[in-house]
Amino acid sequence: MLLPQAKESKVNENLSNKMALGKSIKMYLTIFIATTCIYMVLYQYHMSRQPLAANELVKHPEKSSSSSSSSSSYIASYLWAPPMLNNSSNSINTTMGQGLVQVHGPNATDTSSVSSSSSAASNSVSASGSSFYSTVSLPLTLSSASDANNKSISTTTTSTTTTTTTTVANAVVSATTTTTTTAQKLKTTTQPSHAHKSMPPLYIITPTYRRPEQLAELTRLGYTLKHVLNLLWLVIEDANKTNPLVAHTLDRIGVPYEYLVAPMPEQYKLTKRAKPRGVSNRNRGLDYLRANATEGVLYFADDDNTYDVNIFEQMRYTKKVSMWPVGLVTKTGVSSPIIREGKLDGYYDGWIGGRKYPVDMAGFAVSVKFLHERPHAKMPFKPGYEEDGFLRSLAPLQNNEIELLADECREILTWHTQTKKNPAALPFNQTRYGNTNLAFIEKLLVRP
Ligand code: UDP
Ligand code: MN
C-alpha cells in the first residue's frame, strides 16, 4: 500500500510523463510538417527546372523559336526547321541534263516512309506543321551512291526510305538508322505550309566544289539558311557525280535542298588563266528555276561567304533586281551601289574593269518572275565579268527599277569572305587506328 506522499509523487510523475509525451509528439509533428514543407518547396523548384518534353515544345514552334533568350526556346529552335515552299521542286526531273540526285523537303506527307528511328520526331513535328530530320546512313549511301550516279536516275518520285542495320569497320553503326540512298527520295508535299502562304519563296543557288574545306563551308552556310523560312537551297557541285558526304551533311542540317551537279566545261578546267568559278553551277541553278519555279526570288550564295539573315527577308520581295553593299576583306573594304539623293548613281568597287554593273556576286537578288521574262539570261564563262554579264543579260533593266536594300545601301549585311586553302588530310595509320572511331572519321574527310 502506497503512502499518500508516494501517491502524490506517482501522480506527479505520471503527469510529467504525459507532458513529456505531449511535447515529443508536438516536436515530431513540427518536424514532420517542416520536412513536408521543405520537400514541397524542393519539388516545386525541381519541376520548374525540368526541361519541357519535346512534344510540348513543338506545339508552338514559332512562338518558342522567336524568343531566343530562354533555354526552352533553344531546344525548340533546334527542333524547328523551315516548312516546305510552294513550288514543284520535288518533282524529279532528269530531262534537264545533269540528274537531280536527292530531294529533301521537311514536310513529308508520307510519314510511313520514315523509319522507326525518326518517326517519333516526324510525328510530333508534322502535327505542328514543322519538319523532321532524316538522317543518311553513310556507309550504305557510300556504296549505293556510285550506283546511283552511274544509272540514270528514276523520273518518278518514290518514297523508299528503309530501315537498315549497317556494319562498317566491324562495328554496328545503328540498328535503326534511316537510310536514304542518293537515288531514293522522300515524298514531299508541293503545297506550301499554310502559315507561310503569303511569303514568296527564296531560292538560294550555292556553287560548291570538292576540297578539304567543303563540308565546313556548307555546314556554316546551311545553319545560316536554317534561320530563313520558305527557302529552297540549291546546292550545285562542280563535279560529274554527287558526293554522299555532301548529301549526308545537307541531310543533317535539315534545310530543304536539292543537290545537283554541273561540271565546269573541260576547256576552262585546263586553262592556266583565271577560271570561271561556279559559273556552270549557277547556270544549272537558273535552268532548274526555269523548269520548277514560278515565283519568289533567287540569290547566288557562294559557299564561302558570310550572310546576315536579315538580308534574306529584305530580298524576298524583290520585284525585278535588288542590290546592296558587300563587305570585302580587302583594302577597298566594300563593293556597293553609290546612292546620291536617294538614287542609284554608280558603283564603288576596287576594280571597275569597264563593267556596267561592277557588283559582287553576294550583292544582288533577282525575282523569279523577272527571270522568266528574260529566257536567255545566263552567266558568262568570263572570269571577273560573271555578275556583270548576268545582270546585262537581264536587259532591259532601268536603274530606277533596281531596288536598294540594306537601309538604302547604308548597311553591310553580306561579306565576301575567303577561307584559307588547305592541303588534304593524310590517311590515318590503319595499324594503329584501324579498330577505333578514326576508321569512321577517315570516311568523313573530303580529300581532293
Ligand atoms: N567554285 C566551283 N568550282 C571551282 C571553284 C569554285 O564551283 O573550281 C565555287 C565555290 O564553291 C564558290 C564559288 O564557286 O561557291 C566561287 O568560288 P571562289 O570562292 O573560289 O571564288 P572567289 O570568291 O574567291 O572569287
Ligand atoms: Mn569565294
Side-chain angles (χ1 to χ4, degrees), residues 98 101 203-225 233-243 245-247 249-250 253 255 257-288 298-307 325-335 349-353 355 357-365 378-391 412 414-424 446-448:
Q98 291 102 358
V101 171
Y203 296 93
I204 307 301
I205 299 174
T206 296
T208 189
Y209 71 112
R210 191 182 183 92
R211 61 204 193 278
E213 310 82 40
Q214 186 181 24
L215 300 184
E217 308 278 35
L218 290 172
T219 299
R220 193 177 54 235
L221 173 55
Y223 281 100
T224 296
L225 298 180
W233 190 16
L234 302 172
V235 180
I236 311 179
E237 183 154 344
D238 176 356
N240 294 312
K241 59 185 175 85
T242 55
N243 178 354
L245 289 174
V246 171
T249 303
L250 300 179
I253 295 167
V255 166
Y257 74 87
E258 298 228 20
Y259 178 29
L260 313 167
V261 292
M264 184 186 288
E266 285 300 317
Q267 65 196 95
Y268 304 115
K269 270 191 213 165
L270 300 173
T271 183
K272 288 216 166 60
R273 291 191 287 184
K275 294 180 174 60
R277 291 187 293 254
V279 173
S280 57
N281 325 35
R282 296 189 196 97
N283 282 329
R284 177 70 186 85
L286 296 177
D287 288 347
Y288 176 91
L298 76 94
Y299 176 58
F300 298 117
D302 287 359
D303 60 359
D304 55 340
N305 290 339
T306 307
Y307 310 91
V326 178
L328 304 175
V329 281
T330 63
K331 279 184 182 159
T332 310
V334 73
S335 164
D349 195 285
W351 171 73
I352 300 298
R355 294 182 293 171
Y357 300 105
V359 299
D360 192 273
M361 198 64 76
F364 65 92
K378 63 175 192 296
M379 193 165 284
F381 286 89
K382 195 174 169 192
Y385 292 85
E386 293 93 339
E387 300 91 343
D388 185 49
F390 173 65
L391 289 166
I412 295 181
T414 55
W415 287 264
H416 186 144
T417 41
Q418 285 178 325
T419 305
K420 180 174 86 70
K421 295 233 177 307
N422 301 284
V446 173
R447 297 185 169 97

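Atoms within each ligand, like the ligands themselves, are counted from 1 in listed order. Count residues from 1 along the sequence.
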Engineer: Nearest to atom 19 (O) of ligand 1, what protein heavy atom do you find, and at what distance?
Structural biologist: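 In this structure, atom 19 (O) of ligand 1 has D304 OD2, 2.7 Å as its nearest protein heavy atom.
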Engineer: Looking at N281 and I236, would you say the former's side chain and the latter's main chain have a donor-acceptor pair under 3.5 Å?
Structural biologist: yes
Engineer: Taking heavy atoms and a distance under 4.0 Å, where does D303 meet ligand 1: side chain, backbone, both or neither?
Structural biologist: both
Engineer: Test of understanding: given a 4.0 Å heavy-atom threshold, classify the contact between H416 and ligand 1 as side chain, backbone, both, or neither.
Structural biologist: side chain
Engineer: Examine the proximity of ligand 1 to R282 and report which part, side chain or backbone, both or neither, has a heavy atom under 4.0 Å away.
Structural biologist: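 For R282, only side-chain atoms sit under 4.0 Å from ligand 1.
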Engineer: Is it the side chain, the backbone, both or neither of Q418 that has a heavy atom closer than 4.0 Å to ligand 1?
Structural biologist: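 Just the side chain.
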Engineer: Among D238, L221, T419, whose heavy atom sits nearest atom 3 (N) of ligand 1?
Structural biologist: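 Closest candidate by heavy-atom distance is D238.
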Engineer: Between T208 and E217, is there a side-chain donor-acceptor contact under 3.5 Å, judged purely by atom types and distance?
Structural biologist: no
Engineer: Give a yes or no on whether D304 keeps an N, O or S atom under 2.8 Å from the Mn ion (ligand 2).
Structural biologist: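 Yes.
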Engineer: If I apply the N/O under 3.5 Å rule, does P207 come out as touching ligand 1?
Structural biologist: yes
Engineer: Would you call R284-D238 a salt bridge at under 4.0 Å N-O?
Structural biologist: no
Engineer: Write out the residue and atom name of the closest protein heavy atom to atom 21 (O) of ligand 1, then the distance separating them to 0.1 Å.
Structural biologist: R277 NE, 3.0 Å
Engineer: Out of curiosity, W233 CH2 to L225 CG, how far, rounded to the nearest 0.5 Å?
Structural biologist: 5.5 Å
Engineer: May I ask you to check whether Y288 and Y203 place their ring centers less than 6.0 Å from one another?
Structural biologist: no
Engineer: I would like to know whether E213 and N422 meet side-chain hydrogen bond (donor to acceptor under 3.5 Å, both in side chains); could you show each step before the answer?
Structural biologist: CA-CA 7 Å; E213 310 82 40; N422 301 284; 3.1 Å; yes
Engineer: To check your reading of the model: name the closest protein heavy atom to atom 16 (C) of ligand 1, its residue, and the distance in Å.
Structural biologist: D302 OD2, 3.3 Å
Engineer: Does a side-chain N-to-carboxylate-O contact under 4.0 Å join D302 and R277?
Structural biologist: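 Judged by the 4.0 Å cut-off on N to carboxylate O distance, D302 and R277 do not form a salt bridge.
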Engineer: Among all protein heavy atoms in this structure, tell me which lies nearest to atom 1 (N) of ligand 1, with the distance rounded to 0.1 Å.
Structural biologist: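 So the nearest neighbour among protein heavy atoms is Y209 CD2, 3.3 Å.
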Engineer: With distance as the sole test, does T206 use its side chain to make a donor-acceptor pair with the main-chain N or O of A301 at under 3.5 Å?
Structural biologist: yes
Engineer: Which residue supplies the protein heavy atom nearest to atom 7 (O) of ligand 1, what is that atom called, and how far is it?
Structural biologist: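 Checked against all protein heavy atoms, atom 7 (O) of ligand 1 sits closest to N281 ND2, 3.0 Å.
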Engineer: What atoms of ligand 1 come within less than 4.0 Å of a heavy atom belonging to T208?
Structural biologist: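 Counting atoms of ligand 1 from 1, those under 4.0 Å from T208 are 7 (O), 11 (O).
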Engineer: May I ask you to check whether W351 and Y385 place their ring centers less than 6.0 Å from one another?
Structural biologist: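 Close enough - the centres of the two rings lie under 6.0 Å apart.
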